[in-house]
Each structure stands twice: as structure tokens, then as C-alpha cells.
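So the structure is just underneath, and the comments pick up after that.
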Amino acid sequence: MATDAMVRALTDKVFMALLSESQFVIGFRDQFEAMKTKLELMNGFLSCTDKLRREKDLQNFLPRLKNLIYEADDVLTDCLIRDEYQEEESCWSSLTHGLLFRYKTGKQLSTINSRIQKMGTVLEGFRRPERPINPGNYANPVIGYSSQDFDPSEIIGLVKDVEKIKAWIDSGDKVLNRVGIVGMGGLGKTTIAQMIFNDREVGTYFDRKIWLSASQNFSAERIMRVMLKELGEDSDGLDECNLLRKIYRKLANQSYLIVMDDVWNINIDWWNKLCPASERSFIIITSRNEDITRNMGVDISRVHRAKTLNKEESWSLFSKFAFSHRGRCPNEEFERIGREVLDKCGGLPLAIKTTAALLNQKIHSLAEWKKINDNFHELTTEGINRQVMASLQLSYDDLPSLLKQCLLCFSIYPEDFEISGEQIVHWWVGEGLIQGRGTKTAAELGFQYLSELVSRCLVEVVHRRGYDGRVYSCKMHDLVRDMTIKIAKDEAFCSFDQQGRQILREESRWLGFTGDNAPRSLENIPKLRTLITMSRDSIPLHSKLELLSSLRVLDFSDMKLNSDEVEYLWKWICSLKRLASLNLSGVAVVKGVPSSIQNLRNLQILVLRKCNNLAKIGSSITNLRKLIVLDLRSCPLNYLPRGLEKLVHLQELSGFRAVSNTQSCPLRALLELKNLRVLQININGETEISEEDRDILSQLEKLQVLAIDAENCNENSVSEMVDRLSPPPELEELYLRRYHHPTMPKWMNVKKLSNLQYLCLEDAYIIDFDTKSESYSSASKWNLEGLCLKLLPNLVLDWEILTKDMPLLCYTEISNCFNLKNFPCLSDKPWIWRKTLD
């Protein structure tokens, strides 16, 4: 249950507040300590999800528990906000408001703790008594392969998959080869493995073949006992250590094929000791989680990612099940409806077969086919197409509780909608689902969690960065979306109609809408925490928006507004004192930021990127002390105001301009931003970077990403100022754009940037790419893994020399580099080069 993540997140937040000795939290130390203890106990109950009865009473209980958690979070947030800004109040105001605040907060905390106690008692009543486990009972254990597991006549669209893996087997030159087959539930991973296992030609390669079904009830001891049984050996009386030895001896000096099907987790130490390195032996691992196969020793070049079927393959499979008695489609109208149903199955073989079988029972009624087509979403989520949902539910159930709630956020996006990776990560951070941990920021963890959802085949990548795989945009398979809709609805995060479209309820916490389904009013959802628009069309703003006092995330990016609406919008936004994430990027009518923005005392993320008329930002923005992200890229700002150094928690700053102006924030102010990880800076003829500023960036020890935009300025002073921006040696990514100088900056060398992993040079007048430092050994090599060279028509470069200087290079993007020598492809076209893995 995702509720588990909410309780844990609030527990961590209370703990960190107590640890930081926030004055307004310490003032209620006993109450918060009691809350933390009660929440930890409750979390213990919730984490035992396998021991909870899935009863209607429990489903009715969870929304009430969520409401209570949200109320407690609001009180804690208010305390932290007041603590951050208390010195700004006058003595009299602080005294009067302070006493009233303490009275109201104390009363609220007392009531909340009492309710948590009662709910904990109720929750404990849902626990099932634990049943004793009989260690000798191996009923329904992992089993060997059975030829009855699939019907070869039903196989459609998997021949190329099988041939690809057979080619790997045929060319296997290692002592022990491993192959991974990964994909979402219902794609046919097991069927591909069975076809290979059953193939007569493949069978001639091996002395032994063993099929093992791991599934979620995985047990190392059970696996080993079944292996010995398949090998014709007795396992009675043997402990795990002796089982390992016996299997190892039995397989030694033999070539073997082992299929480990449906692996959900693995103990690497045990796994690495299981199979001897016999010549030309193969292990095939199927899993819904690519990371599992990699952990089991599968090289990335030997991971086969199962795909959905194309339209014609889908129709062939559909026809076998829907028209099995007739052998063909009765008429064109049945085919039209059938193909519409197929579009909703999204090429998923399991969904196609089960839906076609359902339609086959109603082959004499076109009206019934139409009814199933019109109500496809309802049939899927309400359980008539139960097998598909059950398969996908297994993947959801296997997620850690935090990732469950992160996944449910995808439910509000429309079908086939391309979702920004940054948007979803900022949502998670603003909602409080993710907090920084150790050396990782909350945003870094967010992208890591997004990658894990991709690895588990629950989210599909649309665009990603080549060298490290960071997800730029993604989407969700329609049936996985149906599953998230059902669960999000059951857990009362949001509501949907029978067609899967979001509708408003008083208890709704998340809302995403396009121009087509924009709500007429928002006044009846006072508990809303996230509001996201997904359309560039004009959306009317309604009155009484001030009632959304619990809002944490607001994303109106690219929204069309007129000047009157934007004035009202800012007035409303600046009343949202609990707002944590605000995105107004691309909103053209935003010309300025009102001074009242300083009222957003909980704001952590502010994105105003590509606001093409935003020319000035006042000093009030420097009062947003909780800001961790400030993104002002591609805004026509002349400068940023003085006082930016007060934003000591800032981790990402984009759109910085150092200008010689009494109102402008000087470059040296960045020295106070000790937590800065990402910096994007613009330099032009009006920029002022003196000799005294030369070492400022090099002192930002946590800076990982630096982007410099020279704005096509041809003045020599600009290149001189870029030379003064010597970055810290810990820098990992560097972007240099519109730099008009024939040679690279002086600090662009191996000695200065020994940890650099990614370099992007774009739209620049650079001729010489000699990045060797005279004071550094000519034998020194770059540690670059990724390289991007775009729109560099004057660059003279030899690819062979470049790759020798960058031996770790594994990914390169090239375009419009006309003087590139020895390049393995035409350089007048965009091209991607990836290093071939051995």
C-alpha cells in the first residue's frame, strides 16, 4: 500500500525537524516525540501488507488515515515555516501571533496524536495471525519445465526474438554465458525462453537442460532441491551448503542450459556459487526488472528487451482467439470493432489473448462487441479481464512502498501523454515524497527512482540522455495506466470515471487536466495538494482558488493567459503559503514577479524558464529561503538582484548573469551557496567578471554541472571572462554554448577537469580542440564517457586522435561538424556513436 510511504515520509520529516532543533518544533517536543513513536508503530503494521486482510473495511479505513497524515503534515509544515521567518516579525506582532499560533498548534497536535493512537489500534485489528511455517513443506515449489506450458500454434511475433537469442547462443565464446530477457508482465518473456528451451537445434549444444521457475515465492533452497531433482539426484537431508556442492560437482565439466524464469530478487553470493564455469554453458534469466538480470551477471549487450506486438501481429494473435471456431472475421464491422479493441490492448500479448477470448464468447452479437469496446477501461479495472490486471498487479506489489506512491502519480496523465521527467520529479519533491539523503539531493534521488520504474518495465522511456540514461521524458502503457488509476482511486488520491478520465471529488489530492477536461470550479476540492495543467490552450481561472490552502505543487507551464488573468493568478499564488513547487515556464504574459512572492515561505522549486517577457525580478525573491531550485533559463533578464547569497539551500541555479550594476547580484555572492550542484550562467558584453573573481567557481566544491552560454558575443572580453570561470576539479558535466572564440578556454584541460564525465560543445565558433595542458603530461587521458558536438562547422578534429585521448568514451552525439576527419559516418547529418561492447 502506498499509505505506508506517506507514514514513513512524515516520520522522517518529524525526526529531521526534531534533530535540527527547530524552535517551533522544540516548543512542542513532547507532542512531536509522541507523534513519531506512534507513527513508527503504525508503519510497522502497514509494512506487513502480506498479513493484512484485503477487506472492504480496510479500504474504507485507508482514506481516513491519509487525511490524518496530511493534517499532521500541514501542522508540521506550518511550524517549520514559522521558525524560518520568525525574526522578520516585530516584537509585538511576534508576541501576539506567537501566542495564538502556539495555542492553536498545541490543540491540533493533541487531537492528531489522539486520532493516530485510535487508528493504530484499529489498524492492528486488521492483522492476520501468523501461520507457522513448515520448513519441510514444499507444496507448489519452483518446478521444472513442462511442455504443456504453452501452445506453439499461439505464438505470434516472437520469431525474431528467438532467432536473436539463438544467435547469441551460437556465438557464445565465454566459459559461462548469461542472457537476460526483460519486459513488463504479459509480454511473452517466458514464452520466448520456452521456445528456445524446446528448440531441437539448441538442444544439441548442451549436455544438460534445466528449467526453473523462480516467481515471487523465491527460495534458494527450493531452487537447489528442484535442480538436483532435474539432475536425477536426491536432496534429502542436505543443508544449503551441501546442496550447493552437489550441484556444482554435477554440472562441472558439462555444457548446460539453465533457464531461471520470472526472477524477482536474488542473493548474489549464493547465485555466484551455484553454477560452475563450464565451457559454452548458458543461463537465460527472465525478469520484469532489468537491474535483476544485470546483478546476476548479464552484460548490457546481452539483455533482450521484449517488445509489444505491432498492429498486424496483434491482429493475427487476436484472430486466433476471437475467431477460433470460424477461422476468420465474420464481417468488416466485427473487424473494425476488433481493431479498436486492439488499440486499447497496446500490443500486450496477454491482454490481446484474454480480451479476444472474452469476445469469442459473444461472437454472434455485434452489439456485445460494441459494449465491450465502449467499456474496455471499466472491464479491465473492475476485474472481468482479471488475468491482465493480476499480472500487472504483481509488478506493483513488488515495489518498495515509496515507489508505489511515485508510480501512482502517473495516473493523472492522459493516455499516450509524453510526461516530462523533470515535471514528475519536481512533483515528488514538492509533495514531500522524496527528501535528500546523504550526498544525493532530492532531485537526484527522484531521477534515480524514475530510472528504477523504467528498469522494472512499469514506465516507458520516450527520450533519455545517451551517456548515462537520465530520463528526459516518458509515458505509460495504457494497461499499466489502468492499473494505476484503479489503485489511486482505491487509495483515495484521486477519482476517475468509467472511461478513466479524472473527475473531482471533495477528497481529491491530485488533479491534472487538459483544455478538454478543465474543471468548471476548484472550490469544492479544498484538500488538493497537486494541480497540473497539460495543455497549452487557454484555461479559464475561477474564483475562490484561495480555498486551496493545502496546495504543494502547482504547474501551469505553457498555459495561455491574458494580462488580467496573470495579475489574478499571481495574487492567488502568493496566498499559497504551503506551496513547495511552482512552474510557470513558457507563460508569455509573465513580465515580472510581484514582491508578494516572498509570502511563499515553503517554496522550494521555482521554474520560470522561457518566460519570454520576464525582464526583471525584484529583491523579494531573495527572501525565499527554502529554495533549492531556481530556473530562469531563456528569460530576457538583465540581471538577478542582490541578496541571492541568502538562498543558502540553493542546489540548482539557472539563468545567472553577472552585470556591472549596483542592483545586480555579483559573481562573488555565489561563494555563499555552498550547496550549489548545478549552475547555468550567461555571459555577454555587459557581463562583469574581474580578475578577483577568477577562483570563485573553483571554490564551489559541490558543483557538479556547469553550463556557460556566451550568447554569440564576438568581443574578446567575453572569451577573457570565460577564461576566468575556472570550475572546480570535481565538475562532472560541462556545457559550453554559443562560444565565439577559435580556441577553447584555458582551463579546459585534463589537469583542471580530471573528473569530467560529459562535455557538450554547441553552436560555437571553435577551430582548435587542443585541450592538453602544457603543464600536464601529454600521456594523460580524459575520463569522459559522453561527448556532444553540435553546430561546430569550423572545428578541425581527428576522430582517431580524439578517441585515443578519451579511452573511456562510450557515447557521442555529432552534427554539423564538417571538418571532422576519420569519422565513421557522414558528419553533415546528426549521428550517434556508441562504443561496441566486447
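Predicted, not measured: the structure shown is a model, and the values here were computed from it.
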For Trp833 and Trp799, take the angle between the two ring planes, folded into 0 to 90°, and tell me which bin it lands in: parallel under 30, tilted 30 to 60, perpendicular over 60.
perpendicular
Would you sort out whether Thr812 and Ile832 count as a side chain to side chain contact (heavy atoms under 4.5 Å, CB included), showing the intermediate values?
CA-CA 6 Å; Thr812 306; Ile832 293 176; over 6 Å; no
Considering only NZ, NE, NH1 and NH2 on the basic side and carboxylate oxygens on the acidic side, decide whether Arg465 and Asp468 come within less than 4.0 Å.
yes
What is the ring orientation for Trp369 with Phe323, classed by angle as parallel under 30°, tilted 30 to 60°, or perpendicular over 60°?
parallel
Given side chain to side chain contact (heavy atoms under 4.5 Å, CB included), test Val202 with Lys166 step by step and report yes or no.
CA-CA 7 Å; Val202 171; Lys166 283 177 63 177; 3.9 Å; yes
Ring geometry between Phe417 and Tyr413 (parallel below 30°, tilted from 30 to 60°, perpendicular above 60°)
parallel
Examine distances only and state if a side-chain atom of Ser287 and a backbone atom of Asp262 form a donor-acceptor pair shorter than 3.5 Å.
no
Using only atom types and a distance under 3.5 Å, with no angle test, would you say the side chain of Lys189 pairs donor to acceptor with the backbone of Gly183?
yes
Would you find a donor on one side and an acceptor on the other, under 3.5 Å apart, between the side chain of Arg834 and the backbone of Tyr811?
no
Between Ile284 and Asp261, is a side chain to side chain contact (heavy atoms under 4.5 Å, CB included) present by the stated rule, with each step listed?
CA-CA 8 Å; Ile284 297 176; Asp261 183 44; over 6 Å; no
Residues two or more places apart in sequence or in another chain: which of them pass side chain to side chain donor-acceptor pair (under 3.5 Å) with Arg288?
Ser391, Ser395
Going by atom types alone, do Gln194 and Asn198 pair a side-chain donor with an acceptor below 3.5 Å?
no
Can you find a heavy atom in the side chain of Met476 that is under 4.5 Å from one in the side chain of Thr484?
yes
Would you tell me whether Glu290 and Ser455 have side-chain atoms, one donor and one acceptor, within less than 3.5 Å of each other?
no
For Asp239, enumerate each residue passing the side chain to side chain donor-acceptor pair (under 3.5 Å) test, keeping only those at least two apart in sequence or located in another chain.
Asn242
Minimum heavy-atom separation for Lys250 and Gln254, please, with both atom names.
O-NE2, 2.8 Å
Testing the basics here: between Gly446 and Trp428, what is the closest heavy-atom pair and its distance to 0.1 Å?
O-CZ3, 3.4 Å
Working for salt bridge (Lys or Arg N to Asp or Glu O under 4.0 Å), residues Glu332 and Arg336
CA-CA 6 Å; Glu332 292 181 358; Arg336 183 186 67 78; over 6 Å; no
Using a strict threshold of under 4.0 Å (side-chain N to carboxylate O), is an ion pair present between Asp299 and Arg178?
no
Is any NZ, NE, NH1 or NH2 atom of the basic residue among Lys486 and Asp490 found under 4.0 Å from an Asp or Glu carboxylate oxygen of the other?
yes
Short N-O contact, Glu233 and Lys229, less than 4.0 angstrom:
no
Using 4.0 Å as the upper bound for N to carboxylate O, is an ion pair formed by Glu733 and Arg470?
no
Inspect the surroundings of NZ in Lys164 and state if more than 12 heavy atoms from other residues, nucleotides or ligands are less than 6.0 Å away.
yes
Evaluate side chain to side chain contact (heavy atoms under 4.5 Å, CB included) for Tyr256 paired with Asp207, printing each intermediate quantity in order.
CA-CA 6 Å; Tyr256 55 84; Asp207 300 322; over 6 Å; no
Minimal heavy-atom distance between Cys345 and Ile352, with the atoms involved, is CB-CG1, 3.8 Å
When you measure from the side chain of Lys475 to the backbone of Val459, do you find a donor-acceptor pair of N or O atoms at a distance under 3.5 Å?
no
What heavy-atom pair brings Leu784 and Tyr758 nearest, and what distance separates the two atoms?
CD2-N, 3.5 Å
Non-hydrogen atoms of Ile156 and Leu309 that approach each other most closely
O-CD2, 3.7 Å
Sub-3.5 Å donor-acceptor pair from the side chain of Ser314 to the main-chain atoms of Asn310, do we have one?
yes
Closer than 4.0 angstrom, basic N to acidic O: yes or no for Glu340 and Lys344?
no
Where Ile192 and Ala306 come nearest, the two heavy atoms and their spacing:
CD1-CB, 4.5 Å
Would you check if the side chain of Ser235 reaches a backbone N or O of Leu228 as a donor-acceptor pair within less than 3.5 Å?
no
Got a salt bridge between Glu163 and Lys160, using NZ or NE/NH1/NH2 to carboxylate O under 4.0 Å?
no
Partner residues of Glu452 under the salt bridge (charged side-chain N to carboxylate O under 4.0 Å, His left out) criterion, sequence neighbours left out
Arg456
Mind checking whether Ile283 and Asn177 have side chains closer than 4.5 Å, heavy atoms only?
no
Heavy atoms, side chains only, cut-off 4.5 Å: are Phe282 and Val259 in contact?
no
